[in-house]
Amino acid sequence: MRSSVVQARGPIVASDGKVLATSVNGKRVYPQGSIAGQLVGMMGTTDGLEGLEAAYNGPLSAGQPLKLTLDTQVQASAEAALAKAVPEHQGQYGTVVVLETRTGRVLAAATYPPFDPNVWRRYNQETRRNRAFVDNFEPGSTVKALVVAAAMNEGLTTPETVYDTPMRRFVGGRWGSTIGDAVDHPGALSTQGILRYSSNVGMSHIVEHFPMESMRGYLQQYGFGRDVSMPAIPTASGQLQPLPRWNELVRATNAFGQGMSSTTLQLAAAFNTLANDGQYISPRLVEGAGGVERREVVQPEVARTTRRLLQTVITEGIFSQAGIKGYNLAGKTGTAQTVDARGRYSATVFDSVFAGFFPAESPRVTIAVMVHAAKFKYHGSQLAAPIFKEISADVLSGWAAAPGRAQTEGE
């Protein structure tokens, strides 16, 4: 009985034709091994237990094939970049999501440590977990780019608007707190400079006159705090604080990605909004599955302006970590404190985050990276940005894209 059940089960196939799951001699096998292991999941005696094997158990049991949007070369590149960087910095785990900008197709969704469903009993539940879709974390300073775009869309700031930016500032009146910056910077910064130096103080000025309901609404429009429209597949929604809890301090901390949470999938989709000329498109993993959402979040010109600012973040700030000579990449780092078991921010455990896209002027691919609890070089620029760079280089190589005018620091 078991043999016939398995034999009739439909295959799971990537967009490039590579078979990720199939049935051979009454046994379910995974020809690509650990490639996309957490996404694919595994089978028990007769039914899927986790991942796509469980989410699409009905159609697969009926013999229907499952065609994914994944590109196995991009997936392998993302997994290799994580496998190199996470252990090197003694991180606990890491995730990457790569989206095709115009369509929202998931080209890669990688989780480290790897998982091989052929021998799934050797792995614990944590390793089998599809963290890229279901693990929440505070996205940190990556959110600054999204909030700046929203503020420009509302006419609250421009790239050239200059703000007083001391290294520390008290925000929030009686129930407020002092916020501070980690990187030394001039005492006055333009909006462009605030992104370049990742100034929390600067962001608190930019959002000072942003109506709270409106700003929270933009974050929701970017996809935070709401379900991802991805039928059947388990995803987490992240969290935004309810509007009644918002005050001046919450507004300021949300402007630099603190006090809210996201998955790597959500962060990729949010940044993809900037890449896609201001239009959010829900990510999709299964070809032909319905439920794709589209909505304009910011005007196209605002999105294009923000992309130019994010290109400057790399060319003038972190080119050696995130840039590739001859290509225009854009993105933003984040180094987020994690919350400990007592609900307090840890002073020692951080999430290293980066989100970006390329080519900056007309993006084709959006990438989000998160590494949890690295012990060495945990800053976003030191860990997540080089992972973004390595995957980007592989994708550009796969396109056989010729370099344009060299982009180097100080040019």
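Applying the salt bridge (Lys or Arg N to Asp or Glu O under 4.0 Å) rule to pairs touching residues 382-402 yields K84-E390, sequence neighbours excluded. A salt bridge (Lys or Arg N to Asp or Glu O under 4.0 Å) check over residues 197-218, counting only residues at least two apart or in different chains, returns the pairs R169-E208. For residues 213-256, every residue pair satisfying the ring-ring contact (aromatic ring centres under 6.0 Å, His included) rule, not counting sequence neighbours, is listed here: F210-Y218. Within the structure, the salt bridge (Lys or Arg N to Asp or Glu O under 4.0 Å) test picks out the following pairs touching residues 119-136 (sequence neighbours left out): E50-R128, E126-R131, R129-D135, R131-D135. Sorted by first and then second residue, the pairs that involve residues 52-62 and meet salt bridge (Lys or Arg N to Asp or Glu O under 4.0 Å), not counting sequence neighbours, are R9-E53, R28-E53.
Taking the ring centroids of F358 and W399, they lie under the 6.0 Å cut-off.
K332 and S198 are linked by a side-chain donor-acceptor pair at a separation below 3.5 angstrom, with hydrogens and angles left out of the test. If you check the side chains of T157 and T191, you find a donor sitting under 3.5 Å from an acceptor. Side-chain contact of N328 with E361: a donor-acceptor pair under 3.5 Å is present, judged by distance alone. There is no side-chain donor-acceptor pair under 3.5 Å between Y56 and S61.
Residues passing the side-chain contact (heavy atoms from CB on, under 4.5 Å) test with P283 are L99, V106, V228, M230, L265, A269, Y280, sequence neighbours excluded. Residues forming a ring-ring contact (aromatic ring centres under 6.0 Å, His included) with F357 (at least two apart in sequence, or on another chain): none. Residues passing the ring-ring contact (aromatic ring centres under 6.0 Å, His included) test with Y197, sequence neighbours excluded: none. In this structure A252 satisfies the side-chain contact (heavy atoms from CB on, under 4.5 Å) test together with V171, S204, sequence neighbours excluded. Evaluation of the ring-ring contact (aromatic ring centres under 6.0 Å, His included) rule for Y93 yields H372 as partners, not counting sequence neighbours. Take Y345 and apply the side-chain contact (heavy atoms from CB on, under 4.5 Å) test, not counting sequence neighbours, and it matches E138, Q258, Q337, V339. H185 is linked by a ring-ring contact (aromatic ring centres under 6.0 Å, His included) to nothing, counting only residues two or more places apart in sequence or in another chain.
Under a cut-off of 6.0 angstrom, the local environment of CD in Q73 is sparse, with at most 12 non-hydrogen atoms contributed by other residues, nucleotides or ligands. In the displayed structure, D164 atom CG is contacted under 6.0 Å by at most 12 heavy atoms of other residues, nucleotides or ligands.
Between atom CD1 of residue I318 and atom CZ of residue R196 there is a gap of 9.5 Å, rounded to the nearest 0.5 Å.
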